[in-house]
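Note sheet for the following structure.
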Amino acid sequence: MSSPAPSPRSALALAQFKILLSALGFGSMAILARFAYADGVSTPSLLFLRFFLAGILLLPWVLWKKLPWPRGRALLVLIAMGSMGYAGMAACYFSGLHYASAGTIALLLYLFPAIVLVLSTLLLGERFSRRRLLALALALGGLVITIGLELSAQPLGLLLGLGSAIIYSLYILAGSRYTSECDPLTSACVVVFSAASCYGVYLASTGFHGPASLHGWLSVLGIACFGTVAALALFLSGLAQTGATQASLISTAEPVVTILLAWLLLGEPLGWSQVLGGGLILAAVVLISREARPEQVQLTELHD
C-alpha cells in the first residue's frame, strides 16, 4: 500500500520550514566569512571560491535534469548581473565585514527592499502606495538608528553595507525585468559562474590567498555548500508551495539569524540600537514583501 499523501496543511508547514532553513543558511555566511578571514583568506579569494564551488555543485544537477539554459538577451543580462551586479554586491558586503559588525552589515543590506521601491517607482512607473511610503519610512528610520547608535562600525563599513544594498537593488530590477521567464537554477549557474570568472580575472593579477588550514577550508566550503547551494535549493523547493509573498516574509529572518549568530559565535555585542533599528527594518521588509511579485524572488534569493 502506498503511504497517504501529506495534508495541505502539513505540506505547507514543511515548505515554510524549508524557507526558514534557507534563511539560516544565507544568514550564516557573514559568520563563516569571519572565520575564513581569520585563517588568512582574502576577500577576492573567498568570493571566487564561493561562486566557483557553488557553480560546480549546481552544474551536475542542472545537466542531469536537462534544464533549459537562457539564451539571447536574457543570457547577456544574466552574465552582466553576475560579473558586475552580484560580484560587486558581494564585494561590498564581504569587504564591509572588515569595518563593521556582521549584524550591522546584514541590516544595511536589508535596506534593499526600500531602495527597490524607490527605483521601481522612478524607473518602472510602479504606483507608490501609502503602504510603500510607510515601509520606506520604517526602513530609513531603522537605518538612522543603526548608524547613529552603532559606535563599533567604521564609516567605510557603513558605506560598503549601504553600497551592497544599492547594487543588489539594481540586480533585482534587472532580473525581474529581463529574466523572469528563465529557469531559476540555470540562471543561478550563469550568475555564479560569471561572478567567479570576474574574480578569477582579478586574482590572476593580484594573486590568490586561500585558506591556510583545514579550518579555513571548512569555512569556505560551508559558505559554498550551506550558505549558497543548500540555501538556494531549500528556498526554491519551499517556494513552490508557499508562493513568493509568504516565502519572502519568512526570509526576513535572515538578518536576525546573522545578528544572533554573531552574538553567540563571535561575541559581538547585541545593543539596543541593533534590536530597535533591526526591528524597524524588518517591519519595513514585511510590508514590502506583501506586495512582492513571484518573478522578483527567483533570482534574487541567491543573496549576499
Side-chain angles (χ1 to χ4, degrees), residues 15 18-30 32-33 36 41 44-72 74-91 93-94 168 171-172 174-176 178-201 203 210-211 217-241 244 247 251 254 294-304:
K18 289 178 180 179
I19 299 295
L20 187 59
L21 286 179
S22 75
L24 179 62
F26 288 129
S28 69
M29 282 197 296
L32 293 172
V41 183
S45 299
L46 173 62
L47 292 173
F48 169 76
L49 290 172
R50 182 235 176 153
F51 290 125
F52 180 74
L53 293 175
I56 292 297
L57 291 169
L58 277 172
L59 186 59
W61 176 260
V62 169
L63 295 177
W64 180 62
K65 297 292 289 185
K66 298 180 179 179
L67 300 175
W69 289 92
R71 301 176 182 274
L75 176 60
L76 295 177
V77 170
L78 285 167
I79 292 174
M81 288 169 61
S83 59
M84 292 185 291
Y86 209 66
M89 183 274 291
Y93 182 88
F94 281 88
Y168 194 37
Y171 170 91
I172 292 172
S176 63
Y178 297 107
T179 63
S180 59
E181 301 300 322
C182 300
D183 183 90
L185 288 182
T186 53
S187 298
C189 266
V190 174
V191 168
V192 295
F193 275 126
S194 298
S197 300
C198 180
Y199 283 107
V201 171
L203 291 174
W217 277 109
L218 289 176
S219 299
V220 171
L221 287 174
I223 291 174
C225 298
F226 183 56
T228 305
V229 175
L232 175 61
L234 284 166
F235 183 88
L236 293 174
S237 177
L239 177 64
Q241 183 71 27
S251 293
E254 179 191 335
E295 62 267 25
Q296 288 180 317
V297 178
Q298 293 177 349
L299 290 177
T300 58
E301 291 300 334
L302 280 168
H303 273 276
D304 322 321

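Since the model is a prediction, treat every value here as computed from it, not as a measurement. When a residue number appears, it is its place in the shown sequence, counting from 1.
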Point to revise | Taking every non-hydrogen atom, the tightest pair across Ile56 and Phe193 | key: N-CZ, 3.7 Å
Point to revise | Closest non-hydrogen atom pair between Pro70 and Thr186, with its separation | key: CD-OG1, 3.9 Å
Exercise for review: Indicate the atoms forming the closest heavy-atom contact of Gly55 with Val192, along with that distance.
Suggested key: CA-CG2, 3.7 Å
**Study point:** Approximate separation, where rounding is to 0.5 Å, of Leu59 CG and Leu185 CG
**Key:** 11.5 Å
Study note, to complete from the structure: For Ser194 and Leu78 the tightest heavy-atom approach is OG-O, 4.4 Å
Check your understanding: Taking atom OG1 of Thr228 and atom CZ of Phe51, what is their separation to the nearest 0.5 Å?
Key -> 7.5 Å
Give every donor-acceptor pair under 3.5 Å between a side-chain atom in residues 217-227 and any protein atom, sequence neighbours left out.
unit_1 : atom_1 : unit_2 : atom_2 : d
Ser219 : OG     : His215 : O      : 3.1

Practice item. Of all the heavy-atom pairs spanning Met29 and Phe94, show the shortest one and how long it is. Key: O-CE2, 4.3 Å
Check your understanding: Counting N and O atoms only, with roles assigned by atom type, does the side chain of Ser83 sit under 3.5 Å from a partner on the main chain of Ile79, one being a donor and the other an acceptor?
Key -> yes
Exercise for review: Please name the pair of heavy atoms, one in Ala90 and one in Tyr199, separated by the smallest distance, quoted to 0.1 Å.
Suggested key: C-OH, 4.3 Å
Exercise for review: Specify whether Phe52 and Phe48 have parallel, tilted or perpendicular ring planes, treating 30° as the upper limit for parallel and 60° as the lower limit for perpendicular.
Suggested key: parallel
Review point. So do Pro211 and Leu49 actually touch side chain to side chain, heavy atoms under 4.5 Å?
Key: yes
Check your understanding: Mind checking whether Trp69 and Leu75 have side chains closer than 4.5 Å, heavy atoms only?
Key -> no
